[in-house]
There are 2 protein chains.
Amino acid sequence: MYRIGELAQRYEIKTDTLRYYEKHGLLAPSGRSDSGYRLYNDEDEVKLRFILRAKAVGFSLAQIHELLVIDASRAKWACHDVKSIVEKKVVELEQKIAELNQFRDSLQQLADACCGGPESAEHCSILDALEVRQ
Amino acid sequence: MYRIGELAQRYEIKTDTLRYYEKHGLLAPSGRSDSGYRLYNDEDEVKLRFILRAKAVGFSLAQIHELLVIDASRAKWACHDVKSIVEKKVVELEQKIAELNQFRDSLQQLADACCGGPESAEHCSILDALEVRQ
DNA sequence: ATAAACCTTGGAGTTTGGTCAAAGGTCAAA
DNA sequence: TTTGACCTTTGACCAAACTCCAAGGTTTAT
């Protein structure tokens, strides 16, 4: 059984983060001491690892919550359910990557058109481009 | 001269967005009517176009503010100054793209390892992978 | 004149994931 | 026993970019 500070330190997160996860339904401690201290057991620790690993691959806390619901009653769900959450996230990421690539390309074009030297910005092609009627 | 509603409608943004931009130092109207209404002139309109265009290629409002400072006194700045802001943004975007690609690859691996069928999630390789000690 | 659309200001709310502060109780080591 | 670290709860704050609300003044068209 860990107290909140021990578990937080073990995984290099803040105690406040654990309290936040509890408040938002992600991870509640399995018990409390007589004085009201949160007590986390081994299963709680496994669950925290799940959360941190899912965060590390880009899931939002809401998405992690969905996965945790499935994980809590695995037998009631199919592999298909899990896989589709992951695939949906992949699509989401691919869309964001595409958008950022577009931004990158537009900006690279602007940068390429600019001499970038010590000349006055009075006739700067980048500034001009930002001002045009779309 | 436009009133706030006219300019907002012309560019399909909210009046509140214009007030927000004014409050945050991005775009102040050039004048006020006797009754206190904001009055935007042609230069204000050009400036708004600048803001919207810069947003459209991924700049944050803080970054746009920097560009506007340069644009306001172009002769006092060099092309180099403008280009370096743009190039910094390109680097920033490339870093984010790299991170998202990493997330995408990790998740794609997880998805590929899962049968994704109607079998019980009891032995789901995705859920297992999220639980391992790092 | 009237009514509705338009405008003003100031402040609060939303989103997401935390983080901080205050007041006060508990625990462990010296 | 004392002290300092640790814990609790509650509520507010932070970031960034809006958006909403309330109260009240102004403008425009009928």
Side-chain angles (χ1 to χ4, degrees), chain A residues 1-41 44 47-48 50-68 89 92-93 96 99-100 103, chain B residues 1-41 44 47-48 50-68 89 92-93 96 99-100 103:
Chain A
M1 291 299 244
Y2 302 102
R3 288 198 305 200
I4 192 167
E6 293 166 322
L7 189 62
Q9 184 174 50
R10 191 182 183 91
Y11 289 94
E12 294 182 327
I13 59 177
K14 296 283 174 69
T15 54
D16 270 333
T17 304
L18 287 171
R19 290 189 196 99
Y20 182 87
Y21 290 163
E22 181 185 1
K23 184 171 180 182
H24 289 80
L26 289 173
L27 170 60
S30 57
R32 294 276 184 146
S33 70
D34 288 342
S35 48
Y37 286 16
R38 290 171 177 80
L39 298 174
Y40 295 88
N41 67 16
D44 297 332
K47 204 168 171 186
L48 177 60
F50 188 102
I51 292 168
L52 296 178
R53 194 68 196 275
K55 271 180 15 94
V57 292
F59 283 110
S60 67
L61 292 187
Q63 290 162 338
I64 292 167
H65 186 265
E66 271 186 71
L67 289 167
L68 285 172
K89 185 67 186 176
E92 198 184 294
L93 284 167
K96 189 66 192 176
E99 186 190 34
L100 295 184
F103 289 167
Chain B
M1 293 296 246
Y2 301 104
R3 288 197 305 200
I4 193 167
E6 293 166 321
L7 189 62
Q9 183 175 56
R10 191 183 184 93
Y11 289 93
E12 294 180 324
I13 60 177
K14 296 284 174 69
T15 55
D16 271 330
T17 304
L18 286 171
R19 289 188 199 99
Y20 180 86
Y21 289 166
E22 179 184 1
K23 186 173 179 179
H24 288 80
L26 289 174
L27 170 59
S30 56
R32 293 277 184 145
S33 71
D34 289 343
S35 48
Y37 286 17
R38 291 170 175 77
L39 298 174
Y40 296 88
N41 67 14
D44 299 330
K47 204 167 171 186
L48 176 61
F50 189 103
I51 292 167
L52 297 178
R53 194 68 196 275
K55 274 180 12 96
V57 292
F59 282 109
S60 66
L61 293 188
Q63 290 164 335
I64 291 168
H65 186 266
E66 272 185 70
L67 289 169
L68 285 172
K89 185 67 189 178
E92 199 184 292
L93 284 168
K96 189 67 192 176
E99 185 189 36
L100 294 184
F103 288 166

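Throughout, protein chains are lettered first and strands after them, A, B, ... in sequence-line order, and every chain is numbered starting at 1.
- One interatomic measurement links the two molecules: OH of B:Y37 to P of C:dT9, which rounds to 11 Å at whole-angstrom precision.
- No donor-acceptor pair under 3.5 Å is formed between the side chain of A:K89 and the backbone N or O of A:F59.
- Taking atom NE2 of residue A:H65 and atom C1' of nucleotide C:dT15, one finds them 18 Å apart after rounding to whole Å.
- Computed from C1' positions of five pairs at each end, the angle between the two local axes of the helix from C:dA1-D:dT30 to C:dA30-D:dT1 equals 20°, rounded to 10 degrees.
- Taking the nucleotide of DNA chain D with the nearest heavy atom to each of B:F59 and B:S33, the more 5' of the two is matched to B:F59.
- Sorted by residue number, the members of residues 14-27 of chain B with any non-hydrogen atom under 4.0 Å from DNA chain D read B:K14, B:D16, B:T17, B:Y20, B:Y21.
- Going from atom CG of A:D34 over to atom C1' of D:dT8 covers 15 Å, rounded to whole Å.
- Here the shortest heavy-atom pairing between A:T15 and A:I4 reads O-CD1, 3.5 Å.
- Within the 4.5 Å cutoff, the side chain of A:M1 has no heavy atoms near those of the A:S33 side chain.
- Close to D:dC7, at under 4.0 Å from its OP1 or OP2, lies no side-chain N or O of A:R38.
- If you check every strand for non-hydrogen atoms under 4.0 Å, A:S60 touches sugar and phosphate atoms only.
- The interatomic distance linking A:I4 (CD1) with D:dA5 (C1') rounds to 15 Å, in whole Å.
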Exercise. Taking it one step at a time, do B:Y21 and B:L48 satisfy side-chain contact (heavy atoms from CB on, under 4.5 Å)?
Worked result: CA-CA 9 Å; B:Y21 289 166; B:L48 176 61; 4.3 Å; yes

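- Atom CZ of B:R3 is separated from atom P of D:dT27 by 8 Å (rounded to the nearest Å).
- The two atoms that bring B:F103 and A:A56 nearest to each other are CE2-O, 3.1 Å, heavy atoms only.
- In this model, the phosphate group of C:dG18 is approached by a side-chain N or O of A:K55 to a distance below 4.0 Å at OP1 or OP2.
- The distance from atom CG of B:L39 to atom P of D:dT26 is 15 Å, rounded to the nearest whole Å.
- If you measure from atom CZ of A:R32 to atom P of C:dT26, you get 14 Å, rounded to the nearest angstrom.
- Here the P atom of nucleotide C:dG17 and the CD1 atom of A:I51 are 12 Å apart, to the nearest Å.
- Side chains of B:Y20 and B:L61 form a contact here, defined as non-hydrogen atoms less than 4.5 Å apart.
- Between A:D16 and A:R19, at least one side-chain nitrogen of the basic residue sits less than 4.0 Å from a carboxylate oxygen of the acidic one, meeting the salt-bridge criterion.
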For this session: Go through the steps to decide whether B:Y2 and B:D44 satisfy the test side-chain contact (heavy atoms from CB on, under 4.5 Å), and finish with yes or no.
Result: CA-CA 9 Å; B:Y2 301 104; B:D44 299 330; over 6 Å; no

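- Two residues are said to be in side-chain contact when any heavy atoms from C-beta on lie closer than 4.5 Å; A:R3 and A:L39 meet this criterion.
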